[in-house]
Amino acid sequence: MTLTDTAYAKINLALHVRRRREDGYHALETLFAFVDAGDVLTATPAAQDSVTTLGEFAGGLDNPLDNLVARALNALPRPLGLAVTLEKNLPIAAGLGGGSADAGAVFRIVKALHGLPEDWQARAAKLGADVPACVLSRTHIGLGTGTEQLEVEDDLAGTPVLLVNPRVPLSTGPVFKAWDGEDRGALPQGPASRIAREGRNDLEAPAISLCPEIAEVLKALRKTNPSLARMSGSGATCFALYDTPEARDAAAAAMPREWWAMAGRLR
């Protein structure tokens, strides 16, 4: 039996940073959403675990045996091993939760084959703050470091979306360090569309200070008349939402060819 799962690209429709915590992390309020495209994982039962990487961004994984796919496999008890092939279509250090999305896909594959242990959320959180959200891969609110999950009225499912990255990796740590520490308030109340429209990304300004190309991407996206354009996560990927697939595709065609882009819909 061979199972295939998509590691859906994660975007933060809004990301409010409320404060720095004593443990070094930050208290966040975010609206997670997921695109119906991303990395692709194929898994076959085997005598022992193995991970093979391919695709455009496979070379960005420093150690394929210590990436989040391998760590997710190690985190889950199973009677059999899995031979996993990871097609790395999402850029590395891009604000799309690529590694976390890969781990989330592993959890779903293991669930389909063997089920998950009752403490799967705790096991996922140990791999990364975004991993529990990526296991679910549906629109919801994340609190704390992002691991606490709240339901939200999802009126954005199916919305055409374009992801654009200037092909500049941007690590999360320096962006959070550059945040000015000002609490600009909580997420708005209401359905996902209102939270996205009235929310913000508090990491956008510090990310641009480290990677000015982000401002160029946002400027280019906003020229295409989207309903919303914003940076995702800690950058450097930006997203734009559109009313129609035709508008999204026209926007994609208008982006510089040297940038990375991926078109899809919100799940």
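Excluded from the calculations below are hydrogen atoms, water molecules and symmetry mates; all remaining heavy atoms, backbone and side chain alike, are included. One is the number of the first residue; the rest follow in order along the sequence.
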Distance in Å, Trp179 CH2 paired with Leu203 CG, rounded so as to fall on 0.5 Å steps: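 Trp179 atom CH2 to Leu203 atom CG measures 8.5 Å (nearest 0.5 Å).
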For the atom pair CG (Leu28) and CD (Glu148), what is the distance rounded to the nearest 0.5 Å?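 One finds 10.5 Å between CG of Leu28 and CD of Glu148.
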Counting N and O atoms only, with roles assigned by atom type, does the side chain of [X] sit under 3.5 Å from a partner on the main chain of [Y], one being a donor and the other an acceptor?
| X | Y | result |
| --- | --- | --- |
| Arg267 | Ser137 | yes |
| Thr30 | Ala14 | yes |
| Ser232 | Cys238 | no |

State which residues pass ring pair (Phe, Tyr, Trp, His ring centres under 6.0 Å) with [X]; sequence neighbours excluded, sorted by chain then number.
| X | result |
| --- | --- |
| His16 | none |
| Trp259 | none |
| Phe32 | His140 |

Would you indicate whether the side-chain heavy atoms of [Y] and [X] approach each other to under 4.5 Å?
| X | Y | answer |
| --- | --- | --- |
| Glu216 | Pro166 | no |
| Met231 | Thr237 | no |
| Leu3 | Met1 | yes |
| Glu204 | Leu218 | yes |
| Phe57 | Trp260 | yes |
| Pro226 | Leu241 | no |
| Phe34 | Leu266 | no |

Please name the pair of heavy atoms, one in [X] and one in [Y], separated by the smallest distance, quoted to 0.1 Å.
| X | Y | value |
| --- | --- | --- |
| Gly185 | Arg200 | O-NH2, 2.7 Å |
| Pro132 | Ala129 | CD-O, 3.6 Å |
| Leu136 | Trp120 | CD2-CH2, 4.3 Å |
| Ser234 | Val175 | O-CG2, 3.6 Å |
| Leu15 | Gly233 | CD2-O, 3.7 Å |
| Ala192 | Asp155 | N-OD1, 3.5 Å |

Please list, chain by chain and in numerical order, all residues satisfying salt bridge (charged side-chain N to carboxylate O under 4.0 Å, His left out) with [X], sequence neighbours excluded.
| X | value |
| --- | --- |
| Glu182 | Arg184 |
| Glu213 | none |
| Arg123 | Asp119 |

Do [X] and [Y] sit in one hydrophobic cluster, given that two such residues count as connected whenever their side-chain heavy atoms are within less than 4.5 Å of each other, even indirectly?
| X | Y | answer |
| --- | --- | --- |
| Leu68 | Val135 | yes |
| Val110 | Tyr8 | no |
| Leu150 | Leu31 | yes |
| Val40 | Val69 | no |

With a cutoff of under 4.5 Å between side-chain heavy atoms, which Ile, Leu, Val, Met, Phe, Trp and Tyr residues group with Val168?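 When side chains under 4.5 Å apart are linked, Val168 ends up in no cluster with other residues.
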Start with the C-alpha gap between Leu162 and Phe239, add the side-chain angles, then the distance that decides, and say whether side chain to side chain contact (heavy atoms under 4.5 Å, CB included) holds. CA-CA 6 Å; Leu162 177 65; Phe239 66 87; over 6 Å; no
Donor-acceptor contacts, no H, no angles, side chain residues 81-102, under 3.5 Å, sequence neighbours left out:
| unit_1 | atom_1 | unit_2 | atom_2 | d |
| --- | --- | --- | --- | --- |
| Glu87 | OE2 | Asn89 | ND2 | 3.2 |
| Lys88 | NZ | Asp39 | OD2 | 2.6 |
| Lys88 | NZ | Asp102 | OD2 | 3.0 |
| Asn89 | ND2 | Gly38 | O | 3.0 |

Among residues two or more places apart or on two chains, list those pairs meeting salt bridge (charged side-chain N to carboxylate O under 4.0 Å, His left out) that have a residue in [range].
| range | value |
| --- | --- |
| residues 227-249 | none |
| residues 45-56 | Asp49-Arg78, Glu56-Arg167 |
| residues 125-146 | Lys10-Asp130, Arg138-Glu151 |
| residues 11-30 | Arg18-Glu29, Arg18-Asp183, Arg21-Asp23 |

Determine whether more than 12 heavy atoms belonging to other residues, nucleotides or ligands lie under 6.0 Å from atom CD of Gln48.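 At most 12 heavy atoms, drawn from other residues, nucleotides or ligands, come within 6.0 Å of this atom.
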Assess the residue pair Val161 and Asp36 against the criterion (side chain to side chain contact (heavy atoms under 4.5 Å, CB included)); give the C-alpha distance rounded to whole Å, side-chain angles, the decisive distance to 0.1 Å, and a yes or no. CA-CA 10 Å; Val161 58; Asp36 62 357; 5.9 Å; no
So, Thr44 and Thr2: side-chain donor and acceptor under 3.5 Å apart, yes or no?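 A pair is found: one side chain offers a donor N or O, the other an acceptor, under 3.5 Å apart.
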Are any of the side-chain nitrogens in Arg108 or Asp5 under 4.0 Å away from the carboxylate oxygens of its partner?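 Yes, Arg108 and Asp5 are salt-bridged.
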List the steps, then state whether side chain to side chain contact (heavy atoms under 4.5 Å, CB included) holds for Leu156 with Thr139. CA-CA 9 Å; Leu156 290 175; Thr139 300; 5.8 Å; no
Test side chain to side chain contact (heavy atoms under 4.5 Å, CB included) on Ile141 and Ile195 and set out the steps. CA-CA 10 Å; Ile141 291 172; Ile195 297 173; 4.0 Å; yes
